[in-house]
Novice: 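Have a look at the structure that comes next, please.
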Amino acid sequence: MQLSAGELANLKRLVKVLWLVLLISVCLYWPVLGLVQIERAEPPPVVTQALMLMAIADAGAALFLRFNRIPTVWLRQPLDLAALNQLRTFYILCFVLAEAVALFGMILFFLGGSREQALWFFTGSVALFLLCYPRTPESPLGIPPQ
């Protein structure tokens, strides 16, 4: 069964709203860290390295979903309800993985890392969000549709 234009429009609206809300939440982490007062004790290097490796793995998974799995579903013609559900799931997973990178920065800060160390994670998360912007296949990669 082929999708109606309304169902596809609802999907686009949903994933764009989720994208924006989660991106704004990542942007709010930075000022929140300025308000939090914790006792500073530098975390062991192994903890920092483990958080970085987990963030890199999350980023790789998000990029794999965005640039491999999502285009594969978009190319399926005609798009049906199963494809729509799969697209929704993949986009949400991309956003969750991008958000997790920022959360690793928060964890590092709460374990005693500096705000500057956490900023690298937040920057990576924002970059992932920008790369995972929901767009249809006919849109060029770097330019969100109007």
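The basis for the numbers below is simple: all heavy atoms, side chains too, and nothing from hydrogens, waters or symmetry mates. Everything quoted here is computed from the prediction, not taken from an experiment.
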Novice: When rounded to the nearest 0.5 angstrom, what distance separates CG in L14 from CG in L87?
Specialist: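 The CG atom of L14 sits 11.5 Å away from the CG atom of L87.
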Novice: Heavy atoms only: give me the nearest A118-G105 pair and the separation to one decimal.
Specialist: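 Heavy-atom minimum between the residues: CB-O, 3.4 Å.
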Novice: Is there a path of hydrophobic side-chain contacts, each under 4.5 Å between heavy atoms of I, L, V, M, F, W or Y residues, that connects V36 with L103?
Specialist: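 Yes; tracing contacts between hydrophobic side chains, which count when under 4.5 Å, links both residues.
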Novice: Supply the atom-to-atom distance M106 CE to L51 CG, rounded to the nearest 0.5 angstrom.
Specialist: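 Interatomic distance, M106 CE to L51 CG, rounded to 0.5 Å: 13.0 Å.
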Novice: So, taking the atom named CG in L75 and the one named CD1 in I70, what distance separates them when rounded to the nearest 0.5 Å?
Specialist: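 Rounded to the nearest 0.5 Å, the CG-CD1 separation comes out at 12.0 Å.
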Novice: For the residue pair V15 and Y91, what are the closest heavy atoms and their distance?
Specialist: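 Between these two residues, the closest heavy atoms are CG1-CB, 3.8 Å.
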Novice: Between V46 and L111, is there shared hydrophobic-cluster membership here, with clusters defined by ILVMFWY side-chain heavy atoms closer than 4.5 Å?
Specialist: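 V46 clusters together with L111.
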Novice: Return the orientation label for the F129 and W19 ring planes: parallel under 30°, perpendicular over 60°, tilted otherwise.
Specialist: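 Correct class here is perpendicular.
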Novice: As a quick check of understanding, evaluate side chain to side chain contact (heavy atoms under 4.5 Å, CB included) for S114 and L108, giving each step before the final call.
Specialist: CA-CA 8 Å; S114 68; L108 180 62; over 6 Å; no
Novice: Are M52 and F121 packed together at the side-chain level, in the sense that at least one heavy-atom pair is separated by less than 4.5 angstrom?
Specialist: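 The answer is yes; the side chains approach within 4.5 Å.
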Novice: Please list, chain by chain and in numerical order, all residues satisfying side chain to side chain contact (heavy atoms under 4.5 Å, CB included) with W120, sequence neighbours excluded.
Specialist: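 Expected list: none.
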Novice: Do F90 and L20 land in one hydrophobic cluster if side-chain heavy atoms of ILVMFWY residues count as linked below 4.5 Å?
Specialist: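 F90 clusters together with L20.
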Novice: Is it true that a side-chain atom of R135 and a backbone atom of Y133 form a donor plus acceptor pair closer than 3.5 Å?
Specialist: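 Between the backbone of Y133 and the side chain of R135 there is a qualifying donor-acceptor contact (under 3.5 Å).
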Novice: Atom CG in L93, atom CZ in F95: separation rounded to 0.5 Å?
Specialist: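 These two atoms lie 10.5 Å from each other.
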Novice: Assigning hydrophobic clusters by single linkage (Ile, Leu, Val, Met, Phe, Trp, Tyr; side-chain heavy-atom cutoff under 4.5 Å), is L63 placed with I56?
Specialist: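 Looking at the clustering, I56 is in a separate group from L63.
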Novice: Between L22 and V26, does the side chain to side chain contact (heavy atoms under 4.5 Å, CB included) criterion hold? Intermediate values first, please.
Specialist: CA-CA 6 Å; L22 291 172; V26 167; 5.9 Å; no
Novice: How close do R66 and C94 get, heavy atom to heavy atom, and via which atoms?
Specialist: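 The pair with the smallest heavy-atom distance is N-SG, 3.7 Å.
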Novice: How far apart are the closest heavy atoms of A102 and F122, and which atoms are they?
Specialist: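 In terms of heavy atoms, the two residues are closest at O-CE2, 3.2 Å.
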Novice: Kindly determine whether R69 and F64 satisfy side chain to side chain contact (heavy atoms under 4.5 Å, CB included), including the steps that lead there.
Specialist: CA-CA 7 Å; R69 303 296 295 152; F64 173 77; 3.5 Å; yes
Novice: Any chain of hydrophobic side-chain contacts (each under 4.5 Å) joining L28 to V17?
Specialist: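 L28 and V17: separate clusters.
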Novice: Please identify which of these residues, L128, I92, L65, meets the side-chain contact (heavy atoms from CB on, under 4.5 Å) condition with L97.
Specialist: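 Answer after filtering L128, I92, L65: L65.
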Novice: When you measure from the side chain of T123 to the backbone N and O of L119, does any donor-acceptor pair fall under 3.5 Å?
Specialist: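 Side chain of T123 to backbone of L119, a donor-acceptor pair under 3.5 Å: yes, one is there.
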Novice: Among side-chain atoms of E99 and Y29, is any donor-acceptor pair under 3.5 angstrom?
Specialist: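 Yes, Y29 and E99 have a side-chain donor paired with an acceptor closer than 3.5 Å.
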Novice: Between L84 and D80, is there a side-chain heavy-atom distance shorter than 4.5 Å?
Specialist: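 Contact flag for D80/L84 side chains = no.
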Novice: With sequence neighbours excluded, tell me which residues meet side chain to side chain contact (heavy atoms under 4.5 Å, CB included) with L35.
Specialist: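 Side chain to side chain contact (heavy atoms under 4.5 Å, CB included) list for L35, sorted by chain: empty.
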Novice: Is a donor on one side and an acceptor on the other found under 3.5 Å between the side chain of R115 and the backbone of W30?
Specialist: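 Here the side-chain-to-backbone pair exists.
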Novice: Under the side chain to side chain donor-acceptor pair (under 3.5 Å) definition, can you give me all pairs with a residue in residues 47-59, not counting sequence neighbours?
Specialist: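 Counting only pairs at least two positions apart or across chains, no side chain to side chain donor-acceptor pair (under 3.5 Å) contact touches residues 47-59.
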Novice: Using a 3.5 Å distance criterion without hydrogens, assess whether the side chain of S125 forms a donor-acceptor pair with backbone atoms of V101.
Specialist: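 Between the backbone of V101 and the side chain of S125 there is no qualifying donor-acceptor contact (under 3.5 Å).
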Novice: Could you walk me through whether L11 and L8 pass side chain to side chain contact (heavy atoms under 4.5 Å, CB included), step by step?
Specialist: CA-CA 5 Å; L11 169 73; L8 196 53; 4.2 Å; yes
